[in-house]
Enquirer: 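Sharing a structure, written as structure tokens. Questions coming.
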Number of protein chains: 2
Amino acid sequence: MGFDDQLPPKTRLLRAAAELLANSEGSAVSTRQITKLAGVTAPTLYHHFGTKEGLFDAVVSAGFEEYVAGERDFAPSGEPLEDVRRMWDNHVRFGLTQPHLYLVMFGNIRPESRPSIVADAEALMEEMLNKAAASGQLNVAPREAARSILAANVGVTLMLIAEPVEDRNLELSTMTRDSMISAVSTDKARGAATGDAGKSSVVVAAIALNAALQASHSDQLSSSELKLFLEWLHRISSSS
Amino acid sequence: MGFDDQLPPKTRLLRAAAELLANSEGSAVSTRQITKLAGVTAPTLYHHFGTKEGLFDAVVSAGFEEYVAGERDFAPSGEPLEDVRRMWDNHVRFGLTQPHLYLVMFGNIRPESRPSIVADAEALMEEMLNKAAASGQLNVAPREAARSILAANVGVTLMLIAEPVEDRNLELSTMTRDSMISAVSTDKARGAATGDAGKSSVVVAAIALNAALQASHSDQLSSSELKLFLEWLHRISSSS
DNA sequence: CCAGTTCATATAGCAACGCTATAGGTGCTA
DNA sequence: TAGCACCTATAGCGTTGCTATATGAACTGG
């Protein structure tokens with residue numbers, strides 16, 4: 001069925017399952033679809049993988065190796081916290097590129113396989129944070145920081161996956177990422193080079209005024225004036 | 001089948017589904033199990049709910065109302081950020097108490113129902129953050145802060161649910177919670193909220209913004225825009 | 001060179017699944 | 001009492017995950 005007949009059936013099953021899992025938008029994938037695409041019959045699948053879940057686990061293992069490879073495959077920048085940011089972004093990118101694989105890995109609740117994968121991902125993050133801790137950039141234990149950061153990372157990625165593609169806003173990711181990192185690290189205020197106290201107080205005041213205006217329905221401005229006013233407020237308060 | 005036969009079939013179906021959903025450890029629940037427990041036959045289910053998913057959606061709606069009730073049912077402490085912490089803890093508690101319901105609500109990826117639930121939860125959080133913003137305690141827009149906090153909240157809760165009960169460490173929750181809140185808030189009362197009890201918060205915020213703008217020479221607005229903006233600001237702040 | 005063993009695949013089919021076409025029973029209003 | 005919604009049951013369709021059984025191919029020991 002349009003699949004390389006030279007490959008051994010086990011490989012063909014793995015590829016067929018991965019392909020169907022990747023293309024089916026959330027809906028279930030049946031063993032009959034898989035075996036048909038792989039060009040084998042049902043018992044072959046159960047001979048090699050025992051169960052449908054077993055086949056999916058094998059696919060997930062392959063996917064996790066790809067994930068780990070992605071998390072390791074960049075030159076360390078010498079700045080550990082910067083590398084943590086890259087790991088975060090890699091994580092999100094992996095989730096958005098392979099949402100179904102990601103959901104099986106991080107979204108499901110499967111008392112056996114999931115914790116092990118999560119533990120491995122945590123270990124990767126902790127490893128990186130150890131370097132930051134060694135140079136005095138962390139104010140909490142690396143393990144706890146890794147767990148906390150990874151939890152937020154998973155939450156953000158799930159949010160983004162669940163959103164329609166057209167209005168996915170990656171700023172949610174970068175903002176949460178920097179919040180988490182700055183909270184566990186000693187050197188606060190990323191981008192402090194450009195940030196100064198006066199400007200940030202403008203932002204704070206603008207945000208406060210915006211919230212207060214919307215809550216109070218002040219009639220000091222006409223509706224058209226208010227609209228423009230709020231637009232400018234937004235421009236001010238979204239500058240960082 | 002051991003279910004109150006006085007109740008209408010629709011209610012019995014809902015209760016049976018909720019019970020089976022709550023007790024089945026992750027494994028699927030079949031319509032036949034549900035209808036048998038409810039003491040009705042298959043077509044009754046489809047008459048009332050259209051589809052299996054429809055029945056589950058109804059269960060989730062009930063669960064969500066319970067969630068919202070939990071998020072609203074505490075006296076505001078007068079300190080908005082403290083209330084945000086309580087909302088966070090409520091969220092986690094709800095997830096750990098009803099993990100299966102929670103997973104359907106926040107863990108699954110269902111392009112229709114999930115975003116609406118998430119959006120409602122975000123609105124709840126944003127509502128609370130608006131109060132914080134009005135008193136100048138936020139340094140990002142309430143909506144973005146709400147999305148970010150909720151994402152981390154969901155991620156932490158999923159982590160905790162996936163962990164074996166015996167070594168669940170709630171410190172992960174409090175630590176991530178405080179990290180997110182401290183990253184998004186500004187504990188220093190920057191001018192805006194300094195004890196001007198008499199004036200409305202709009203006026204206070206406008207005055208603060210006015211002062212801050214003149215001190216910082218922000219370049220987000222052109223000079224003509226700035227002039228008009230300040231004029232409006234003056235109109236707002238001189239109203240009492 | 002062949003009997004024995006093991007591995008890998010196919011034929012055929014089971015029980016359970018979500019779902020529905022159809023019909024019968026119930027309580028209401030006219 | 002007739003008619004009409006509404007609600008539920010009988011029976012069964014097509015599909016699902018999975019398997020008891022059998023067959024062919026490849027290797028091994030004598």
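Every chain is numbered from 1, with letters handed out A, B, ... down the list of sequences. Worth saying up front: this structure is predicted, and the values here are computed from it rather than measured.
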Enquirer: Select from B:Val29 and A:Pro43 the residue whose nearest nucleotide in DNA chain C is closer to the 5' end of that strand.
Expert: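 Here A:Pro43 is the residue nearer the 5' end.
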Enquirer: By the 4.0 Å heavy-atom rule, please label B:Ser30 as base, sugar-phosphate, or nothing.
Expert: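 Sugar-phosphate only.
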Enquirer: Would you mind telling me which of C:dA10, D:dA9, C:dC19 lies closest to the side-chain atoms of A:Thr41?
Expert: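 Minimum distance to the A:Thr41 side chain belongs to C:dA10.
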Enquirer: Taking only the side-chain heavy atoms of B:His47 (C-beta and beyond), determine which of C:dT20, D:dC7, D:dC18 contains the nearest atom.
Expert: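 Nearest listed nucleotide: D:dC7.
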Enquirer: Would you say a side-chain N or O of B:Thr44 is under 4.0 Å from OP1 or OP2 of D:dA9?
Expert: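 Answer yes for this pair, as a side-chain N or O of B:Thr44 is under 4.0 Å from OP1 or OP2.
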Enquirer: Any salt bridge linking A:Arg72 with A:Glu127? Criterion: basic side-chain nitrogen under 4.0 Å from a carboxylate oxygen.
Expert: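 Answer for the salt bridge query: yes.
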Enquirer: What is the distance, rounded to the nearest whole Å, between atom CG of A:Leu13 and atom C1' of C:dA10?
Expert: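 Atom CG in A:Leu13 sits about 14 Å away from atom C1' in C:dA10.
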Enquirer: Between C1' on D:dC18 and CZ on A:Phe49, what's the gap in Å once rounded to a whole number?
Expert: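 Those two atoms, CZ and C1', are 16 Å apart.
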Enquirer: What is the distance, to the nearest angstrom, from the NZ atom on A:Lys36 to the C1' atom on D:dG17?
Expert: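 Between C1' of D:dG17 and NZ of A:Lys36: 18 Å.
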Enquirer: B:Arg32 has a side chain; which of D:dG17, C:dG18, C:dA10 sits nearest to it?
Expert: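 Of all the options, the side chain of B:Arg32 is nearest to C:dG18.
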Enquirer: Please determine whether a side-chain nitrogen or oxygen atom of A:Thr51 lies at a distance below 4.0 Å from atom OP1 or OP2 of D:dG17.
Expert: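 No.
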Enquirer: Looking at B:Phe64, B:Tyr67, B:Phe106, which hits ring pair (Phe, Tyr, Trp, His ring centres under 6.0 Å) with B:Phe94?
Expert: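 Per the ring pair (Phe, Tyr, Trp, His ring centres under 6.0 Å) rule, the option paired with B:Phe94 is B:Tyr67, out of B:Phe64, B:Tyr67, B:Phe106.
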Enquirer: Charged N to carboxylate O below 4.0 Å: is that the case for A:Arg168 and A:Glu163?
Expert: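 A salt bridge is absent here (no side-chain N lies under 4.0 Å from a carboxylate O).
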Enquirer: So, is B:Tyr46 near the phosphate of C:dT20, with a side-chain N or O under 4.0 Å from OP1 or OP2?
Expert: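 For C:dT20, neither OP1 nor OP2 has a side-chain N or O of B:Tyr46 closer than 4.0 Å.
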Enquirer: In whole Å, what is the span from the CG atom of A:Leu45 to the P atom of D:dG17?
Expert: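 Distance, rounded to whole Å: 9 Å.
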Enquirer: Of the nucleotides D:dC7, C:dT20, C:dT11, which one has an atom closest to the side chain of B:His48?
Expert: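 Per side-chain heavy atoms of B:His48, the pick is D:dC7.
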Enquirer: Roughly, in whole Å, what's the span from CD in B:Gln33 to P in C:dC17?
Expert: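 These atoms are roughly 6 Å apart.
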Enquirer: Is A:Glu79 salt-bridged to A:Arg85, cutoff N-O under 4.0 Å?
Expert: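 The answer is no: the pair does not qualify as a salt bridge.
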Enquirer: By nearest nucleotide on DNA chain D, pick out whichever of B:Pro9 and A:Gly50 is the more 5' one.
Expert: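 The residue whose closest nucleotide sits nearer the 5' end is B:Pro9.
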Enquirer: CD1 of A:Ile34 versus C1' of D:dT16: gap in Å, rounded?
Expert: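 Spelled out: CD1 on A:Ile34 to C1' on D:dT16 is 12 Å.
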Enquirer: Applying side-chain hydrogen bond (donor to acceptor under 3.5 Å, both in side chains) to B:Glu53 and B:Thr51, what does each step give before you reach the verdict?
Expert: CA-CA 5 Å; B:Glu53 205 73 2; B:Thr51 182; over 6 Å; no
Enquirer: Give the rounded distance in Å between these two atoms: CZ of A:Arg12 and P of C:dT9.
Expert: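 In whole Å, C:dT9 P and A:Arg12 CZ are 8 Å from each other.
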Enquirer: Whole angstrom is fine here: how far is it from NZ in B:Lys10 over to P in D:dC6?
Expert: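 Distance, rounded to whole Å: 13 Å.
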